[in-house]
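When a ligand or atom number is given, it counts from 1 through the structure's own listing order. Just so you know, these numbers use all the heavy atoms, side chains as well, and skip hydrogens, waters and symmetry mates.
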Amino acid sequence: MKIITSPKEMKEFSAKSRAEGKKIALVPTMGALHDGHLSLVDKARSLADVVVVSIFVNPTQFGPNEDYDKYPRQLDADAQKCTEHSADVIFAPSPQDIYAPDASTFVNEVQISQNLCGKSRPKHFRGVTTVVTILFNIVKPDFGVFGEKDAQQVSIIERMVRDLFMDVKIVRSPIVREANGLALSSRNKYMTQLEHDGATRIRRSLLEGKALVDGGCTNIDRIKALVINSVTDAKTRVIYVDVVDAKTSLPVSELDVGNCRICIAVWYGQTRLIDNIII
Ligand code: PAF
């Protein structure tokens, strides 16, 4: 497996692969790879001849008081995992390689990104769509593989790809969980064991919401209230609980059973966690 840091070298590698008739799949990540990311690498492997994993902690998607500085960085361990999962290339540029000092161009999706995480992280999705566009422009993948834990992010990227006629197929991959139900996230590392155990209530609250729907309830306010009540303990601060369209992540006023998703974001202690479930 190769580690490439220079965008120019990455472009050349991709151009050569394409000239050889190979299909390329890109798995964009910020590193600190866990089994959720590795399931995306496996999915990419099943789709394409060349699998590129980008590892880039993207400064433009972090707010001023967010965890950019403390976000875990562990390239050697990540490279080991990518090798074990048969990736071909890690693309790990530095922020200076990606953003010119006077960079002034952003890609901004302005509908889906207003809701859910967009309300509390105002420029977050602008940073995501901008860096994903940059990565697509450098790697020129046939497939971009994204995890459904970040369901809103995937919806926004799908919208961007559609709106801007980008030549890449977005592939969604299911959430990977610990045995206790907690969705895998690089931010789980921030929690103590006690918080980690307590945070399993996030998944349980979503399952309770789904059980209510499975029992015939279609009242969105009731579903949200149950989830909020169930997730709340002394360490939880709910950021949002919402019911959205499962594909677009846009808010719904009526429940279309099977095609909606409960999305949740909470602070659990000092850690911001998100999760979702199809209902
Ligand atoms: O999901 C992530 O890890 C990031 O938002 C992404 C897609 C790699 C863009 O920086």
Please check: side-chain N/O of [X] versus main-chain N/O of [Y], any donor-acceptor pairing under 3.5 Å?
X	Y	value
D233	T236	yes
N180	L182	yes
S186	A32	yes

Atoms in ligand 1 with a heavy atom of [X] nearer than 4.0 Å:
X	result
T29	8 (C)
V131	9 (C), 10 (O)
P28	8 (C)

- prompt: Which one of Q61, H37, H124 has a non-hydrogen atom at the shortest distance from atom 6 (C) of ligand 1?
  reply: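 Selected option, by shortest heavy-atom distance: Q61.
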
field: Short N-O contact, K16 and E20, less than 4.0 angstrom
entry: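 Answer for the salt bridge query: yes.
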
- request: Measure the distance from atom 2 (C) of ligand 1 to every protein heavy atom, then report the residue, atom name and distance (to 0.1 Å) of the closest one.
  value: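 Protein heavy atom at minimum distance: Q153 NE2, 3.9 Å.
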
- prompt: How close does the nearest protein non-hydrogen atom get to atom 3 (O) of ligand 1, and which residue and atom is it?
  reply: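 Checking every protein heavy atom, the shortest distance to atom 3 (O) of ligand 1 gives M30 CG, 3.6 Å.
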
query: Do the ring planes of F62 and Y71 sit parallel (below 30°), tilted (30 to 60°) or perpendicular (above 60°)?
result: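 Because their plane-to-plane angle is over 60°, the rings of F62 and Y71 count as perpendicular.
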
task: Taking all non-hydrogen atoms of both residues into account, name the closest pair between A183 and N188 and its distance.
output: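 Closest pair (atom of A183, atom of N188, distance): O-ND2, 3.1 Å.
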
message: Would N58 count as being in polar contact with ligand 1, using the rule that some N or O on each side must be under 3.5 angstrom apart?
response: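 No; the residue has no nitrogen or oxygen that sits under 3.5 Å from a nitrogen or oxygen of the ligand.
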
